[in-house]
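On a predicted model such as this, the values are computed, not experimentally measured, just so you know. All values below were derived from every heavy atom in this structure, side-chain atoms included, with hydrogens, water molecules and symmetry-related copies excluded.
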Amino acid sequence: MEAVAEGLWDLAEKQEESGNIGAAIKCLEAICQSQVSFLPIIEVKTRLRIATLLLSYTDNVTHAKIHLERAQLLLKQIPSCFELKCRAYSLLSQCYHLVGTIPPQKQTLKKGLELASSAGEGESAKLWSCNFSLQLANALTTEGDFQGAIRALETGQQHASEMKYPELEMVFATSILHVHLMQWEDASALERAVNKCDAIWNSIPEDQRQCCRGLHLYNELLHTFYLLRICDYKEATNHVNILDAALEDDVQQTEQVQKLSAELNKVESRLLQPGLQQHKKSELSEKRKQIQQELHKFEHPKLGHNGQVSEPSSFGNPKSIWKEKLELGPPPLNGEWLPKSAVYVLVDLMAVICGRPKGLFKDCAKRMLSGMSRIEDLTIW
């Protein structure tokens, strides 16, 4: 039966790659609904994968929650499986967050933190502790418990520092700055948070910064919010210019990826044509390989602090980084993301706020129209 499950997993992955999410879910649910029993570990992996697809591509949170709760019941029968248990806690917490039920979310995260703590001082345990700490901070912020949120974030930042993982440490530093900006009670603590972000970002090697697009934008947005709040319009304008340059680069690379993807689809369609001569088939196969290699250059792999490529936090292929989501953190924190369209609109708004005191009304009008156009496009979509 394991071979049957693996076959259905592979089929589901191919359906997901083709964008047929409904078909992918049906392939996986065939395992869960089978009259013949599979091993508990197979059912757990399948249900976690279904939940991941539902949360990534649909609004069906209730269905995802049912699969996760069933997976947790099965995991209680299995003594080990630390990674699977942590994934289940993390995904279930996301479900509670999406439906706005904070108390059960906090309870789930505390269980996850207890599990990570009991696993010792290994890297995997610390990474999952970082995951749960960040989600707990978000839950506490929703409740208005800013000090509790900062404590949770400082715990995660400490773990990241112990692992000498600056990208991960930067996630927590920017999140701490965000909470301070929301609270705005201690000006000196806020300034320290800004300086901490600068110090950590500067410690990240240049080539690794290229893999942190979402984190770079998040950091620049927070700095601009801070500078506008203290009325330093000159420095805020510099940060808006940095944001504009980063977004322009994002547009160009996204267009390149879309062009290559369209070309790849054409090649694959021609390869499926019947009666294709062998030499032509070989040419098309080589061309497909070249395009795939070009696309791979844009798929910035998530690098761990030791330079190794990290595993994804979900089963199956995650959403493309060139779509709507800008991930903030490396796995297993890549559930945290910025909506790309909202970033574009915010940058337009900040440009208006910076330009208005200087009397740059024409430029401000252009940016206002740009932002409104993006909002209307989102509404239509």
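- Residues Ile66 and Leu92 do not share a hydrophobic cluster, defined by chaining ILVMFWY side chains whose heavy atoms lie under 4.5 Å apart.
- No donor-acceptor pair under 3.5 Å is formed between the side chain of Asn20 and the backbone N or O of Ala23.
- Other residues, nucleotides and ligands place no more than 12 heavy atoms under 6.0 Å from the CD atom of Gln107.
- No continuous path of hydrophobic side-chain contacts links Leu91 to Ile102 [ILVMFWY only; heavy atoms under 4.5 Å].
- Taking CD1 of Ile150 as the start and CD1 of Ile176 as the end, the distance is 7.0 Å to the nearest 0.5 Å.
- With hydrogens and angles left out, the side-chain atoms of Asn219 and Thr174 include no donor and acceptor closer than 3.5 Å.
- When all heavy atoms of Ala160 and Cys130 are compared, the closest pair comes out as N-SG, 4.2 Å.
- The aromatic rings of Trp184 and Tyr226 lie tilted to each other, with the angle between the two planes from 30° to 60°.
- A heavy-atom distance below 4.5 Å is found between the side chains of Lys280 and Glu283.
- Between the side chains of Gln158 and Glu154, not a single donor N or O lies within less than 3.5 Å of an accepting N or O.
- For Ser34 (side chain) and Ile31 (main-chain N/O), no donor-acceptor pair under 3.5 Å exists by modelled atom type.
- By the 4.0 Å N-to-carboxylate-O rule, Glu143 lies close enough to Lys106 to be salt-bridged with it.
- A distance of 9.5 Å separates CD of Gln94 from CG of Leu109, quoted to the nearest 0.5 Å.
- No hydrogens or angles considered: a donor-acceptor pair under 3.5 Å links the side chains of His63 and Glu29.
- Remark: Asp59 CG is loosely packed, at most 12 non-hydrogen atoms of other residues, nucleotides or ligands lying under 6.0 Å away.
- Distance check: Ser133 OG to Leu153 CG gives 8.0 Å after rounding to the nearest 0.5 Å.
- Looking only at side-chain heavy atoms (C-beta outward), Arg70 and Glu43 come within less than 4.5 Å of each other.
- Taking 4.0 Å as the cut-off between side-chain N and carboxylate O, Lys110 and Glu114 do not count as a salt-bridged pair.
- Leu28 has its side chain out of reach of Arg47: every pair of non-hydrogen atoms, C-beta onward, lies at least 4.5 Å apart.
- Using a cutoff of 4.0 Å between basic side-chain nitrogens and carboxylate oxygens, Lys287 and Glu263 are scored as salt-bridged.
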**Item:** Derivation of the side chain to side chain contact (heavy atoms under 4.5 Å, CB included) call for Asp249 and Arg213
**Value:** CA-CA 10 Å; Asp249 182 62; Arg213 297 164 58 249; 6.0 Å; no
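- No more than 12 heavy atoms of other residues, nucleotides or ligands shown are found within 6.0 angstrom of NE2 on His97.
- Atom CG of Leu264 sits about 12.0 Å away from atom NZ of Lys266, to the nearest 0.5 Å.
- Here the closest non-hydrogen pair linking Gly112 and Tyr89 is CA-CD1, 3.8 Å.
- Residues Glu185 and Leu190 fail the side-chain proximity criterion, which asks for heavy atoms closer than 4.5 Å.
- Distance alone, capped at 3.5 Å, places no donor-acceptor pair between the Ser373 side chain and the Leu369 backbone.
- Open room surrounds CZ on Arg270; 12 or fewer heavy atoms of other groups in view lie less than 6.0 Å from it.
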**Request:** Using the side chain to side chain contact (heavy atoms under 4.5 Å, CB included) rule, take Val44 and Cys81 through it: C-alpha gap first, then chi angles, then the decisive distance, then the call.
**Result:** CA-CA 10 Å; Val44 166; Cys81 296; over 6 Å; no
**Request:** Start with the C-alpha gap between Trp128 and Ser90, add the side-chain angles, then the distance that decides, and say whether side chain to side chain donor-acceptor pair (under 3.5 Å) holds.
**Result:** CA-CA 9 Å; Trp128 280 111; Ser90 179; over 6 Å; no
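- Following chains of ILVMFWY side-chain contacts shorter than 4.5 Å, one can reach Leu326 starting from Val251, so the two form part of one hydrophobic cluster.
- Rounded to the nearest 0.5 angstrom, Ser203 OG and Asp198 CG are separated by 11.0 Å.
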**Asked** Going through the distances and angles, do Phe82 and Lys85 end up as a side chain to side chain contact (heavy atoms under 4.5 Å, CB included)?
**Response** CA-CA 5 Å; Phe82 170 74; Lys85 289 178 180 179; 5.9 Å; no
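- A single hydrophobic cluster is seen to contain both Leu55 and Val99, as judged by linkage of ILVMFWY side chains at heavy-atom distances under 4.5 Å, directly or through other members.
- The pair Asp363-Arg356 fails the salt-bridge criterion, with no side-chain N (NZ, NE, NH1 or NH2) lying under 4.0 Å from an Asp/Glu carboxylate O.
- Contact check for Gln157 versus Lys196: side-chain heavy atoms found under the 4.5 Å cut-off.
- The closest side-chain donor-acceptor pair between Asp186 and Ser188 falls under 3.5 angstrom.
- A donor-acceptor pair under 3.5 Å is formed between the side chain of Thr224 and the backbone N or O of Glu220.
- Using modelled atom types, no side-chain atom of Ser370 and backbone atom of Lys366 make a donor-acceptor pair closer than 3.5 Å.
- Looking at heavy atoms from C-beta onward, Arg288 lies out of side-chain contact with Leu284 at the 4.5 angstrom threshold.
- With hydrogens and angles left out, the side-chain atoms of Tyr57 and Glu16 include a donor and acceptor closer than 3.5 Å.
- Under the side-chain contact (heavy atoms from CB on, under 4.5 Å) rule, Leu168 has a single partner from Ile200, Leu127, Leu134, which is Leu127.
- Side-chain contact check for Leu243 versus Leu346: every heavy-atom pair is 4.5 Å or farther apart.
- Residues Ala12 and Ala24 share a closest heavy-atom pair of O-CB, 3.4 Å.
- When all heavy atoms of Thr108 and Ser93 are compared, the pair lying nearest together is CG2-N, 4.2 Å.
- Taking every heavy atom of both residues into account, Ile78 and Pro40 meet most closely at CD1-CB, 4.2 Å.
- At a threshold of 4.5 Å between non-hydrogen side-chain atoms, the residues His239 and Leu221 do not count as touching.
- The backbone N or O of Ile204 sits less than 3.5 Å from a side-chain atom of Arg209, completing a donor-acceptor pair.
- Remark: aromatic rings of Phe172 and His159 are distant, center separation not under 6.0 Å.
- Remark: side-chain polar atoms of Ser269 are paired, donor with acceptor, to backbone N or O of Asn265 under 3.5 angstrom.
- Here Lys340 contributes atom NZ and Leu338 contributes atom CG; the two are 11.0 Å apart, rounded to the nearest 0.5 Å.
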**Message:** Does Lys164 form a salt bridge (charged side-chain N to carboxylate O under 4.0 Å, His left out) with Glu169? I'd like the steps, not just the answer.
**Reply:** CA-CA 8 Å; Lys164 294 181 173 54; Glu169 194 176 353; over 6 Å; no
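- Checking side-chain atoms of Tyr344 against main-chain N and O of Leu247 turns up a donor-acceptor pair under 3.5 Å.
- Put simply, the side chain of Ser117 never gets that close to the backbone of Leu113: no donor and acceptor are under 3.5 Å apart.
- The hydrophobic cluster containing Leu48 also contains Phe38, counting ILVMFWY residues as joined when their side-chain heavy atoms lie under 4.5 angstrom apart, directly or transitively.
- Between Gly355 and Cys364, the shortest heavy-atom distance links the atoms C-SG, 3.6 Å.
- Of the possible polar contacts, one joining the Asn195 side chain to the Glu191 backbone as a donor-acceptor pair under 3.5 Å is found.
- Side-chain atoms of Thr237 and Lys358 form a donor-acceptor pair, as typed in the model, at a separation below 3.5 Å.
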